[in-house]
Novice: 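Right, I'll just put the structure down here and ask away after.
For this chain, numbers begin at 1 and follow the sequence in order. Every value quoted in this text rests on a predicted model; they were computed, and no experiment measured them.
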Amino acid sequence: MKFTHGIFVIFFCAFVSVTTASGDGLEGKVREHTLKNGMKVLLVERHTSPTVAAWIRFKVGSVNERSDERGVAHLLEHMLFKGTKTLGTRNYAREKPLLDSIEKTAQLLMAEKLKREAADPKKIEELSKKLADLENAAGKYVVKNEVSKIYDKNGGNNYNAFTGKDSTAYMISLPANKLELWAAIESDRLRNAVLREFYTERNVVMEERRRSYDSDPEGKLWESFLAAAYEAHPYGQPIIGWMSDIENLSRTKAESFLHRYYAPANAVVAIVGDIDPDKAIALVEKYFGSLPPGVPVPLVATVEPRQLGERRIEIQEDSEPQFMIGYHKPTIPDRDDYTFDVITMLLADGNNSRLYKKLVVEKQLASDISAFYGPGSRYPNMFVISAVPRSPHTMQEVEEAIYEELELLKREPVSSRELQQILNKLEADEIQSLSSNGGLAYRLTEYESVAGTWRYLTEHRAKVAKVTPADVMDAARKYFVPDNRTVAFIKKRETTR
């Protein structure tokens, strides 16, 4: 089972006609239904194949974590694949007392380790051994990957999940006649989840952190960039959590987070494919309708203070130089967010974009360059340019060339030809991303969750089309200023003899 993190998930799929796949063709095709407990259901009937994609997205991510539970949303994503009171266990009645003893022992062990230098080594050794013995005893009742195996036997694929800053999503594609199986399993997961093998899985996540961040220069660069760019807002914290955060996550904390937020009031369901919408709604009502509504996720109150000067972060690594330049910007539904869609595509979307042509093709200053938003979209975020200098050129040369292009946006209006090319490419990209059942389910749940309505899909291109050359110049002058800039770069560590 693979886990995908971050805000970009791309579905590569077969091309279908504009009328059935594009955002413009969705009006009238999306059926909306809201359960009494608050769960929002979006359905799209497509009979191109006898399959269906089913997604559940919760409006909760790492941005909603308290300071004492950083990393819990990501770890909980892993844990919800461990089964329920009936799935993933040979005998839950005998397993539960062992799970309770594991939690008590783990809490004592963590408390002792928190004493740092004053901790009793002998006590740590005894508690560690007891915890291992209890986990081995509880493991005898575990049925590994039972839910995954059930889906596999019934033709399911793409059984997966990912955690982002703003939301957490669980998905599956399966034969259309197995939709009731999905409803039964996923409603049971919400009602009766058991976070078994918690501390074993916590070790897996710690290893993931070592591999993907602590030992990976690019991961370390992104993490350091965000920590520098955000002084107050939780967008600056890593989704996976800092290592010390993960080490002190307990099953009790994870269960508290689960019960607080993984509820119908915070859930958006998308079912796309070979369905009868009325029958699909009846299934959702049957299996999910009796779940308690829960409490809506509260909005993050912290507002990132206005940046008062450029911030520069240097990371020394045994790797080739690369860097990121970021500028704070507003998010949807602010009009400037649509202007940044134009700026992003204009500067670094494809081989014909300005930065790619100028720095990679013509001047050959960089071997790669890209631009994107991050790290989330629910709250004000960052416009980021990432580049890798091409030897023998330096980061300073590439950085100065990037600033020249940004200054050009302030002085010279974007041509109508460039704007039209952006709209054409935007339409093509939308068609591609929506042409698969999974791609459409992803977009529907994403925008319903973050933008507040799935209709962002149908409105987006029209709003981008209203962006004028003057809007681009105004945004460039407003946001592309040194005081609003954060730069993080990797400098190759010098070897000493």
Side-chain angles (χ1 to χ4, degrees), residues 11 13 16 19-21 23 25-59 80 84 87 147 150-161 167-192 262-294 433-449 453-458:
F11 295 86
C13 44
V16 298
T19 57
T20 59
L26 281 177
E27 283 292 353
K29 290 182 172 62
V30 178
R31 174 88 171 266
E32 298 184 60
H33 180 78
T34 303
L35 278 60
K36 290 182 180 179
N37 57 18
M39 178 176 278
K40 185 68 174 285
V41 186
L42 305 172
L43 308 100
V44 178
E45 186 177 1
R46 281 177 166 178
H47 301 293
T48 52
S49 68
T51 59
V52 63
W55 280 57
I56 303 179
R57 188 185 294 263
F58 297 94
K59 303 174 186 179
L80 287 184
T84 67
L87 296 173
V147 173
I150 291 172
Y151 276 136
D152 287 344
K153 288 179 181 178
N154 287 274
N157 60 79
N158 297 325
Y159 178 47
N160 214 332
S167 65
T168 304
Y170 297 83
M171 71 289 296
I172 181 74
S173 295
L174 67 170
N177 61 359
K178 299 297 181 180
L179 186 60
E180 186 164 9
L181 174 68
W182 165 83
I185 289 175
E186 299 306 318
S187 61
D188 184 43
R189 176 151 63 170
L190 285 180
R191 187 177 281 108
N192 299 308
Y262 284 67
N266 301 315
V268 179
V269 173
I271 302 173
V272 181
D274 188 18
I275 60 170
D276 178 322
D278 291 331
K279 292 181 179 179
I281 289 172
L283 274 179
V284 174
E285 286 279 7
K286 175 183 176 181
Y287 287 95
F288 295 91
S290 61
L291 290 169
S433 68
L434 303 181
S435 59
S436 74
N437 290 340
L440 179 53
Y442 163 71
R443 291 295 184 94
L444 289 172
T445 57
E446 168 76 1
Y447 294 129
E448 184 68 32
S449 171
T453 173
W454 63 267
R455 287 180 174 79
Y456 180 90
L457 276 169
T458 64

Novice: For a quick test of reading the model, state the closest non-hydrogen atom pair linking Pro293 to Ala263 and the distance between them.
Specialist: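 Shortest heavy-atom contact: O-CB, 3.3 Å.
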
Novice: Sequence neighbours excluded, which residues qualify as side-chain hydrogen bond (donor to acceptor under 3.5 Å, both in side chains) partners of Asn37?
Specialist: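 With neighbours one apart ignored, the set is empty.
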
Novice: According to salt bridge (charged side-chain N to carboxylate O under 4.0 Å, His left out), who are the partners of Asp278, at least two apart in sequence or on a separate chain?
Specialist: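 Counting only residues at least two positions away or on another chain, Asp278 forms a salt bridge (charged side-chain N to carboxylate O under 4.0 Å, His left out) with Arg31.
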
Novice: When rounded to the nearest 0.5 angstrom, what is the spacing between CG in Leu35 and CG in Leu291?
Specialist: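 The CG atom of Leu35 sits 9.0 Å away from the CG atom of Leu291.
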
Novice: Any side-chain heavy-atom pair from Arg46 and Lys29 closer than 4.5 angstrom?
Specialist: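 Contact flag for Arg46/Lys29 side chains = no.
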
Novice: Can you sort out the partners of Glu180 under side-chain hydrogen bond (donor to acceptor under 3.5 Å, both in side chains), two or more places apart, ordered by chain and number?
Specialist: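 side-chain hydrogen bond (donor to acceptor under 3.5 Å, both in side chains) list for Glu180, sorted by chain: Lys286, Tyr287.
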
Novice: Asn157: what forms a side-chain hydrogen bond (donor to acceptor under 3.5 Å, both in side chains) with it, not counting sequence neighbours?
Specialist: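 None.
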
Novice: Check ring-ring contact (aromatic ring centres under 6.0 Å, His included) between Tyr151 and all other residues, then give those that pass, not counting sequence neighbours.
Specialist: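 Per chain and number, Tyr151 pairs via ring-ring contact (aromatic ring centres under 6.0 Å, His included) with Tyr159.
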
Novice: Between Ala184 and Ser187, which heavy-atom pair has the shortest distance, and what is it?
Specialist: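 Shortest heavy-atom contact: O-OG, 3.2 Å.
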
Novice: Would you compute the distance between atom NZ of Lys153 and atom CG of Leu181 and round it to the nearest 0.5 angstrom?
Specialist: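 Output value for this atom pair is 12.0 Å.
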
Novice: Would you compute the distance between atom CG of Asn437 and atom OG1 of Thr51 and round it to the nearest 0.5 angstrom?
Specialist: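 Separation between the atoms: 5.0 Å.
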
Novice: Enumerate the residue pairs fulfilling salt bridge (Lys or Arg N to Asp or Glu O under 4.0 Å) with a member in residues 182-191, sequence neighbours excluded, ordered by first and then second residue.
Specialist: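 Listed once each, the pairs are Glu186-Arg189.
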
Novice: Suppose the criterion is side-chain hydrogen bond (donor to acceptor under 3.5 Å, both in side chains): which pairs have a residue in residues 266-277, not counting sequence neighbours?
Specialist: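 Found His47-Asp274.
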
Novice: So, taking the atom named CG in Leu444 and the one named CG in Leu440, what distance separates them when rounded to the nearest 0.5 Å?
Specialist: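 Result: 4.0 Å between the selected atoms.
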
Novice: Give, for atom CD of Glu27 and atom OG1 of Thr458, the distance between the pair rounded to the nearest 0.5 Å.
Specialist: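 It comes to 4.5 Å.
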
Novice: Enumerate donor-acceptor pairs with a distance under 3.5 Å from any side-chain N or O in residues 168-175 to protein atoms, sequence neighbours excluded.
Specialist:
unit_1	atom_1	unit_2	atom_2	d
Thr168	OG1	Val60	O	2.9

Novice: Please name the pair of heavy atoms, one in Leu190 and one in Tyr262, separated by the smallest distance, quoted to 0.1 Å.
Specialist: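 That closest heavy-atom pairing would be CD2-O, 3.9 Å.
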
Novice: Listed by chain and number, what are the side chain to side chain contact (heavy atoms under 4.5 Å, CB included) partners of Ser449, not counting sequence neighbours?
Specialist: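 By the side chain to side chain contact (heavy atoms under 4.5 Å, CB included) rule, Ser449 matches Arg57, Lys59, Ser167, Arg378.
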
Novice: Mind listing the closest non-hydrogen atom pair of Lys178 and Asn154 along with its distance?
Specialist: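 Nearest heavy atoms, Lys178 then Asn154: NZ-OD1, 3.2 Å.
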
Novice: Do Trp182 and Ile56 have side-chain heavy atoms sitting under 4.5 Å apart?
Specialist: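 When only atoms from C-beta onward are counted, Ile56 and Trp182 do touch, with a gap below 4.5 Å.
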
Novice: Are the side chains of Leu283 and Lys279 in touch, meaning some heavy atoms are under 4.5 Å apart?
Specialist: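 Side-chain contact under 4.5 Å: no.
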
Novice: With sequence neighbours left out, write down each residue that passes side-chain hydrogen bond (donor to acceptor under 3.5 Å, both in side chains) with Glu32, or none if nothing qualifies.
Specialist: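 For Glu32, the residues satisfying side-chain hydrogen bond (donor to acceptor under 3.5 Å, both in side chains) (neighbours in sequence not counted) are Lys40, Trp454, Arg455.
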
Novice: Between Ile271 and Val52, is there a side-chain heavy-atom distance shorter than 4.5 Å?
Specialist: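 When only atoms from C-beta onward are counted, Ile271 and Val52 do touch, with a gap below 4.5 Å.
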
